[in-house]
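Counting from 1, the numbers follow the sequence of the chain as shown.
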Amino acid sequence: MAEKQIEIELKLRIDPKHVSRLKLAPVLREVKEGRRLLTTHLVSIYHDTPKLSLARKGLALRVRKKGTKGWEQTVKASNGLREALPERHEWNVELADGVLDIEKFTDEDVVALLDKHVKKKKIDRIFESDLKRSAVDLTYRDAVMELAIDQGVVRTAEKEAPLSEVELELKEGHPAALFDLALELQRTVPLFLSMRSKASRGRALYLDEKPGFYKSAPVGLNAGMSAETAFRAVLAQGLRMILGNEVCVREDLHIEGCHQMRVGMRRLRVTFNLFKKNLPQGESVLIRRLLKHCTKALDGLRDWDVFLGETLPMIEERFPGHPGIADLHKAALKQREQALGIARHMLESFEYQQLLLLLGAWSSYSRWASGADAVQMKAMSAPISKMAEPLLNRAYKRLTRRGSEVGKLTVPQLHALRLDVKQMRYGTDSFGEIYASKPVKKFRKELTGLQEILGWLNDVAVAEARLLALKPQLSKDGMVAVGLIAGWFGAQADYRLLGLDQAWQKFEKQKLFWK
């Protein structure tokens with residue numbers, strides 16, 4: 001084996017109860033070409049400084065025992081990230097025993113890395129993975145890859161966590177083959193895209209990190225970037241928001257996690273709508289449909305979180321000690337539990353599995369181009385600065401057309417206006433980085449003010465609808481509380497509507513930062 005390689009792999013989470021069925025998947029019988037899955041016991045010992053300084057530099061230092069075949073030590077270094085498809089430099093050398101010896105590396109690139117980041121530092125054994133790997137080489141279409149099914153644990157000196165995953169590592173060919181095979185396997189067993197390496201799991205265990213919610217960071221666009229590169233970067237950010245917050249919904253940890261996961265899906269829907277004319281029909285339509293389906297499954301949970309965490313506390317402050325408020329709170333908690341069940345059911349659904357893999361593929365390579373015509377190819381190869389202006393213009397015209405008589409809009413029309421404002425906001429967030437920051441910041445400030453008022457009015461409308469759903473469960477006191485709340489909502493809505501007209505006038509006066 002050569003000392004230096006480039007590793008490109010796709011990671012998928014699998015429930016252990018489905019592993020036997022995966023091994024019998026029809027597509028695997030076709031592509032194994034008579035080869036058998038070989039099972040090996042792998043023990044991998046990861047080393048770092050006590051404060052994990054190597055990991056913070058994107059390095060992983062590992063010693064691995066491969067069954068009875070001896071020991072091997074490895075350095076992995078990040079070589080960019082195609083979001084769902086890590087691409088890393090990897091250096092491997094054999095060892096006589098399990099004792100780390102960095103002097104055995106001879107490739108000048110890894111020697112330079114180790115001289116810079118490892119020498120003169122205290123390097124300790126931090127954690128290990130202990131697993132059984134069943135692996136086989138596959139020939140799928142025009143690509144050669146290894147399929148590996150890993151079952152075991154990641155452990156530190158004090159604790160351990162189970163691990164069950166499938167890896168598809170590309171050896172020859174195009175990365176598209178990894179996703180295409182994964183999508184086929186997904187028809188046999190549930191497989192979920194994962195962006196967590198064994199090293200990241202071990203580090204979290206070592207640091208005793210508790211899962212938290214993930215908020216979006218700047219995408220990192222610049223004016224010279226192609227429209228395609230920018231599009232894929234925005235998709236990657238949306239995928240991070242989905243996967244980074246999934247655990248919050250799955251384990252009911254942070255209500256903000258559900259909100260941010262939903263925001264990520266909504267941003268992706270806006271992105272696909274903005275780029276719609278430059279994308280071929282087919283898979284893009286499917287992704288939009290899957291995003292809509294999965295977002296809808298989170299709506300109820302988010303609505304009840306807002307009601308219980310924001311709306312009801314305001315009501316309690318306005319009507320302190322009212323006996324019907326406690327009744328409302330109890331009934332609302334039951335409804336939230338049902339909504340949480342719906343959200344969790346979505347997270348296990350085939351639609352969600354498919355969505356993750358498709359987003360991973362679209363953010364990792366030019367999958368969008370399949371079926372694209374010459375006009376679309378030309379548009380997506382142009383600088384994003386050239387495409388952003390018409391995209392933002394289209395969103396702005398749609399918004400101002402509906403909002404020109406904001407004081408006369410009905411409740412359904414205000415809801416539609418809110419969605420237009422959101423699309424404008426997400427477009428501003430996505431493309432604002434390629435323009436001067438000061439005018440973008442000013443535009444976003446007035447847009448946010450408009451969004452907050454419309455969002456509050458929508459929360460009221462949603463809360464009123466949710467209150468109606470609670471009525472069959474309420475006592476007489478609870479029904480009285482509903483009437484009080486409805487009256488209070490009405491008075492507050494009238495007040496907010498007066499502010500809406502003023503906010504719209506301020507927004508209309510803003511200079512368009514993309515002009």
Side-chain angles (χ1 to χ4, degrees), residues 6-14 25 27 31 79-88 138 140-147 165-197 219 226-244 246 264-265 267-269 271-273 275-276 278-294 349-372 376-377 380-381:
I6 291 181
E7 176 189 66
I8 300 174
E9 65 181 15
L10 180 64
K11 286 184 178 291
L12 303 160
R13 180 170 54 83
I14 184 172
V27 65
V31 299
N79 187 36
L81 185 64
R82 297 172 177 177
E83 197 49 41
L85 204 61
E87 182 176 308
R88 305 182 184 94
L138 309 175
Y140 181 75
R141 298 182 180 173
D142 295 325
V144 177
M145 65 188 76
E146 180 189 60
L147 177 140
E165 65 183 20
V166 177
E167 291 182 0
L168 293 172
E169 183 176 346
L170 189 68
K171 294 188 173 183
E172 295 177 22
H174 194 277
L178 299 178
F179 288 95
D180 288 340
L181 178 57
L183 286 163
E184 283 205 59
L185 291 172
Q186 211 173 59
R187 295 173 190 161
T188 299
V189 295
L191 294 171
F192 298 85
L193 178 68
S194 172
M195 286 156 38
R196 295 194 68 192
S197 66
V219 179
S226 72
E228 181 204 359
T229 303
F231 173 68
R232 284 170 48 191
V234 174
L235 295 192
Q237 178 65 280
L239 182 58
R240 276 195 294 272
M241 291 185 73
I242 294 171
L243 287 174
E246 178 191 291
M265 291 182 179
R267 285 186 177 180
L268 288 171
R269 289 177 67 183
T271 300
F272 274 91
N273 285 334
F275 280 84
K276 184 164 60 175
N278 302 301
L279 301 174
Q281 298 292 306
E283 210 164 72
S284 65
V285 176
L286 173 60
I287 293 174
R288 290 204 303 272
R289 188 164 65 245
L290 291 171
L291 282 167
K292 184 176 181 179
H293 170 84
C294 293
S349 68
F350 175 76
E351 289 83 359
Y352 181 64
Q353 298 168 52
Q354 189 179 29
L355 174 65
L356 293 182
L357 272 180
L358 289 175
L359 288 174
W362 277 58
S363 63
S364 297
Y365 65 95
S366 302
R367 190 178 179 96
W368 67 272
S370 178
Q376 291 168 331
M377 294 291 285
M380 293 293 272
S381 63

Step by step, would you call L138 with V144 a side chain to side chain contact (heavy atoms under 4.5 Å, CB included)?
-> CA-CA 6 Å; L138 309 175; V144 177; over 6 Å; no
Do L185 and L147 pass the side chain to side chain contact (heavy atoms under 4.5 Å, CB included) test, and can you show the C-alpha distance, the side-chain angles, and the key distance before you say yes or no?
-> CA-CA 11 Å; L185 291 172; L147 177 140; 4.1 Å; yes
Check step by step if side chain to side chain contact (heavy atoms under 4.5 Å, CB included) holds for L291 and L355.
-> CA-CA 7 Å; L291 282 167; L355 174 65; 3.9 Å; yes
List the steps, then state whether side chain to side chain contact (heavy atoms under 4.5 Å, CB included) holds for R232 with S364.
-> CA-CA 7 Å; R232 284 170 48 191; S364 297; 5.6 Å; no
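You'll find the side chain of D180 reaches within 4.5 Å of the side chain of R141, heavy atoms only. Side-chain contact between S226 and F231 is absent, with no heavy-atom pair separated by less than 4.5 Å. With contacts defined as side-chain heavy-atom distances shorter than 4.5 Å, the pair V285/L279 does not qualify. At a threshold of 4.5 Å between non-hydrogen side-chain atoms, the residues M380 and F275 count as touching. Looking at heavy atoms from C-beta onward, N278 lies out of side-chain contact with W368 at the 4.5 angstrom threshold. Contact check for K292 versus R269: side-chain heavy atoms found under the 4.5 Å cut-off.
The CG atom of L359 sits 5.5 Å away from the CG atom of L239 when rounded to the nearest 0.5 Å. Distance check, rounded to the nearest 0.5 Å: CG of L168 to CD of E9 gives 9.5 Å. Between the SG atom in C294 and the CG atom in L356 there is a gap of 7.5 Å [rounded to 0.5 Å]. Here the straight-line distance linking atom CD of Q354 with atom CZ of R289 works out to 8.5 Å at 0.5 Å rounding. Taking CD from E167 and OG from S194, the interatomic distance works out to 9.5 Å, rounded to the nearest 0.5 Å. Taken from NE2 in H293 to CE in M265, the straight-line distance is 9.5 Å, to the nearest 0.5 Å.
In this structure a side-chain-to-backbone donor-acceptor pair under 3.5 Å is missing from S370 to R367. Between the side chain of Q353 and the backbone N or O of L191 there is at least one donor-acceptor pair closer than 3.5 Å. Between the side chain of Q237 and the main chain of A233, no donor-acceptor pair closer than 3.5 Å is present.
The two residues P190 and I14 have their closest heavy-atom pair at O-CG1, 4.1 Å. Considering every non-hydrogen atom in both M377 and A372, the closest pair reads SD-CB, 3.8 Å. Here the shortest heavy-atom pairing between L286 and L358 reads CD2-CD1, 3.8 Å. Taking every heavy atom of both residues into account, L181 and M145 meet most closely at CD2-SD, 3.5 Å. Nearest heavy-atom pair across L178 and L10 is O-CD2, 3.7 Å. The two atoms that bring A143 and A177 nearest to each other are CB-CB, 3.5 Å, heavy atoms only.
Side-chain contact check for E228 and S381: no donor-acceptor pair (N or O, by modelled atom type) lies under 3.5 Å.
For the salt bridge (Lys or Arg N to Asp or Glu O under 4.0 Å) test, residues two or more places apart in sequence or in another chain that qualify with K171 are D137. Judged as a side chain to side chain donor-acceptor pair (under 3.5 Å), and not counting sequence neighbours, the contacts of E165 are K11, K198. For E246, the salt bridge (Lys or Arg N to Asp or Glu O under 4.0 Å) partners are R13, R250, not counting sequence neighbours.
Relative ring orientation between H174 and Y365 is described as perpendicular, the plane-to-plane angle rising above 60° on a 0-90° scale split at 30° and 60°. Ring geometry for W362 against F272 counts as tilted: the plane angle lies between 30° and 60°, on a 0 to 90° scale.
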